[in-house]
Amino acid sequence: MAQAEDKGEENHVLLVAFSAQGHINPMLRLGKRLTAKGVHVALATTEIARHRILKSSSTDAKAAYLVAGIKLLFFSDGLSLDYDRKTNLDLYMDSLGKHGPSNLSALIKEHYTSPKKLLCLVTNPFVPWVSDVAAEYNIPCAMLWIQPCALYAIYYRCFNKLSAFPTLTDPDMVVELPGLPSMEKEDLPSFVLPNNPFGSFPKLFSELFRGMEKFKWVLGNSFYELEKHVIDSMCELYPIRPIGPLVPPTLLGLDQELEDASVDMWKSDETCIEWLTQQPPCSVVYVSFGSIVVLPAKQMEAIATALKNAKRPFLWVVKPPEFPTPDGAGQLPLGFLEETKDQGQVVRWSPQTRVLSHPAVACFITHCGWNSMLETICSGIPLIAYPQWTDQPTNAKLIVDVFKIGVRIKKEVDGNMSSEVIEKCIEEVMVGPMAEQLRKTAMALKAKARIAVQAGGSSDENIRLFVEEITSDSREKDDSPKVGNLSHEGQDKVRDKDV
Ligand SMILES: O=c1c(-c2ccc(O)cc2)coc2cc(O[C@@H]3O[C@H](CO)[C@@H](O)[C@H](O)[C@H]3O)cc(O)c12
Ligand SMILES: O=c1ccn([C@@H]2O[C@H](COP(=O)(O)OP(=O)(O)O)[C@@H](O)[C@H]2O)c(=O)[nH]1
């Protein structure tokens, strides 16, 4: 690899991402939008990401270091490559927090002849210590918030103790926040509940949200028209500027931009596209729980039974667990593949954005990861929500009560889902007046997403403003906080132009 990345050129931005696929890709797409506005961009993440990208044979070795003109750089999180990070999340996050700062700092020294040439570091919320590395070099720092702006507002208010949240003595309280519907405990992010098992998460986020002044800008992977009430509600506190949706350009109708900026950590099975092509329009139920969630065997069984009984074509992504367990978690019930061979397809990993935009696909049963939700919004199809942890319960609430583009699978008292309820949800989004209404709303949101990212749209304007500020910032050496959002007036102007 080249010793120095800057080759004497000016206007560099370094993005730093946590090593999940759903974290790196929105960062890379932000990088591409910055590149389009004349900024040089590189992305740093941890070695485990390089290992996964190289293992996924759909990406060749060269592509693992250069994605759409963005150079990828890697640093160590202090753990060996075969360490089971998923089972030991708290230890993993601790190790990353301990070793990340010095390793990233060394990476900056190694790759930039003068760190002062960096206009800005952009970090994501799971590596908040990046702002300290930025401060060490006197470089301004921005955060890309990669979940809905609603989650930003909830965490900000929770960790700054601005609103009441459930406690051990009052675990069932309903949370009321500006710009959001009333939220019960099953609608809140799992990390703010008193029974959250991940001890280090509240620590990480409470430090982050109580020290927000370290970030001169907060950018959000969302768009104003999608979440305007909650975005407006944060204007007086610590504004967030939506610059998304950061999804592949083909999903946004930006066909002049052919190349997507993203990496694959798993090789996708393209045969399912041929299979989709043989299915009737708007007939297929797509099912996926993303890259991290592994469903217990009982829940796998409930889905399997519901899909069989629904008697509709289905495409189900069953990603084999990286560290299999003896209780059968994440595995298909015996005989299922044989029984359904004429009805559906099971793949280990799908080309999801191609699937969602395929005319044969009718709806999506999802864990409600935010990237999957944005991709679905941009494809204009309804969702069936089955959230698991982190932001997903709140994302499900948004789908049903704010965006109104889907239904949610209600859990039984034992926390599991019944196959009858799943089957009923499938019928609800496929046929009848409710299905029609959901589809109409979904199509309208898709149109708004496209407008937001086109030249002069709300997200495009926010990117332009950000680039203007980071570049003038470096010229003027102005250190005053730049947390201002587009003014309401500005937002209105952009909206008026859209309609
Ligand atoms: O919270 C975590 C932690 C974590 C952090 C601190 C700690 O003490 C313990 C665990 C690790 O990996 C994640 C990975 C995620 O991926 C995915 O990221 C998308 C964008 O944020 C989401 O929308 C999807 O729901 C999600 O699965 C989302 C997360 O919220 C996390
Ligand atoms: O079979 C699959 C399942 C998921 N994805 C992609 O993986 C990402 C998942 O991100 P998300 O935030 O939805 O969930 P996570 O996997 O981080 O929980 C999305 O961009 C999906 O398009 C994919 O390409 N193929």
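Note that the numbering runs from 1 along the sequence shown for the chain. Counting starts at 1 for both ligands and their atoms, following the listed order.
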Option passing side-chain contact (heavy atoms from CB on, under 4.5 Å) with Q147 (candidates T394, N221, T390, N395):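 Only match with Q147 under side-chain contact (heavy atoms from CB on, under 4.5 Å): T390.
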
To the nearest 0.1 Å, how far is [atom] from its closest protein heavy atom, and which atom is that?
atom: atom 8 (O) of ligand 1; value: S200 OG, 2.4 Å
atom: atom 26 (C) of ligand 1; value: Q392 NE2, 4.0 Å
atom: atom 30 (O) of ligand 1; value: T390 OG1, 2.6 Å
atom: atom 2 (C) of ligand 1; value: F126 CE2, 3.4 Å
atom: atom 11 (C) of ligand 1; value: L89 CD2, 3.6 Å

Of all pairs that satisfy side chain to side chain donor-acceptor pair (under 3.5 Å), the ones with a partner from residues 92-103, not counting sequence neighbours: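 Non-adjacent pairs meeting side chain to side chain donor-acceptor pair (under 3.5 Å): S19-Y92.
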
Which heavy atom in [X] sits nearest to a heavy atom in [Y], and how many Å separate them?
X: L177; Y: M183; answer: CD1-CE, 4.1 Å
X: M430; Y: C363; answer: SD-SG, 3.9 Å
X: I463; Y: R33; answer: CD1-CB, 3.9 Å

By number and element, which atoms of ligand 1 are closer than 4.0 Å to a non-hydrogen atom of [X]?
X: F191; answer: 1 (O), 30 (O)
X: D391; answer: 22 (C), 23 (O), 24 (C), 25 (O)
X: G369; answer: 23 (O), 24 (C), 25 (O)
X: W370; answer: 22 (C), 23 (O)
X: I292; answer: 14 (C), 15 (C), 16 (O), 27 (O)

Can an N or O of [X] be found at a distance shorter than 3.5 Å from an N or O of ligand 1?
X: N371; answer: no
X: Q147; answer: yes
X: H367; answer: no
X: F201; answer: yes

Flag side-chain contact, heavy atom, 4.5 Å: F336 against K341: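 SC-SC contact between F336 and K341 ruled out.
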
Every pair of nitrogen or oxygen atoms between ligand 2 and the protein that is under 3.5 angstrom apart - can you list them with their distances to 0.1 Å?
unit_1: ligand 2; atom_1: 1 (O); unit_2: S350; atom_2: N; d: 2.8
unit_1: ligand 2; atom_1: 1 (O); unit_2: S350; atom_2: OG; d: 3.2
unit_1: ligand 2; atom_1: 12 (O); unit_2: N371; atom_2: N; d: 3.2
unit_1: ligand 2; atom_1: 12 (O); unit_2: N371; atom_2: ND2; d: 2.9
unit_1: ligand 2; atom_1: 13 (O); unit_2: S372; atom_2: N; d: 2.9
unit_1: ligand 2; atom_1: 13 (O); unit_2: S372; atom_2: OG; d: 2.5
unit_1: ligand 2; atom_1: 14 (O); unit_2: H367; atom_2: NE2; d: 3.0
unit_1: ligand 2; atom_1: 16 (O); unit_2: S291; atom_2: N; d: 2.6
unit_1: ligand 2; atom_1: 16 (O); unit_2: S291; atom_2: OG; d: 2.5
unit_1: ligand 2; atom_1: 18 (O); unit_2: H367; atom_2: NE2; d: 3.0
unit_1: ligand 2; atom_1: 20 (O); unit_2: E375; atom_2: OE2; d: 2.6
unit_1: ligand 2; atom_1: 22 (O); unit_2: Q352; atom_2: NE2; d: 3.4
unit_1: ligand 2; atom_1: 22 (O); unit_2: E375; atom_2: OE1; d: 2.6
unit_1: ligand 2; atom_1: 22 (O); unit_2: E375; atom_2: OE2; d: 3.1
unit_1: ligand 2; atom_1: 24 (O); unit_2: S350; atom_2: O; d: 3.3
unit_1: ligand 2; atom_1: 25 (N); unit_2: S350; atom_2: O; d: 2.6

Within-shell test, F18 vs ligand 1, heavy atom, strictly < 4.0 Å: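 Heavy atoms of F18 do come under 4.0 Å of ligand 1.
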
D90 and ligand 1 - part of the residue with a heavy-atom distance under 4.0 Å: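 For D90, only side-chain atoms sit under 4.0 Å from ligand 1.
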
Mutual orientation of the aromatic rings belonging to Y152 and Y156 [parallel < 30°, tilted 30-60°, perpendicular > 60°]: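 Tilted: the ring planes of Y152 and Y156 meet at 30° to 60°.
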
With sequence neighbours excluded, residues passing side chain to side chain contact (heavy atoms under 4.5 Å, CB included) with E322: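 R52.
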
Residues forming a side chain to side chain contact (heavy atoms under 4.5 Å, CB included) with A153, sequence neighbours excluded: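 Testing A153 for side chain to side chain contact (heavy atoms under 4.5 Å, CB included), a comparison that skips the adjacent residues, returns V230, M234.
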
D269 side, atom CG; Q345 side, atom CD - distance, nearest 0.5 Å: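 One gets 6.5 Å once the value is rounded to the nearest 0.5 Å.
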
Pairwise distance OG(S222) to CE(M373) - rounded to 0.5 angstrom: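 Nearest 0.5 Å value for the OG-CE distance: 9.5 Å.
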
Side chain to side chain donor-acceptor pair (under 3.5 Å) between N25 and S262, worked out: CA-CA 5 Å; N25 287 345; S262 66; 4.6 Å; no

D401 bridged to K397 by N-O distance under 4.0 Å: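 Yes.
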
From the candidates Q21, H23, K86, the one that places a heavy atom nearest atom 15 (C) of ligand 1: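 Going through Q21, H23, K86 one by one, H23 has the nearest heavy atom to atom 15 (C) of ligand 1.
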
Near-ring test Y238/F159, centroid separation under 6.0 angstrom: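 No, the ring centres sit 6.0 Å or more apart.
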
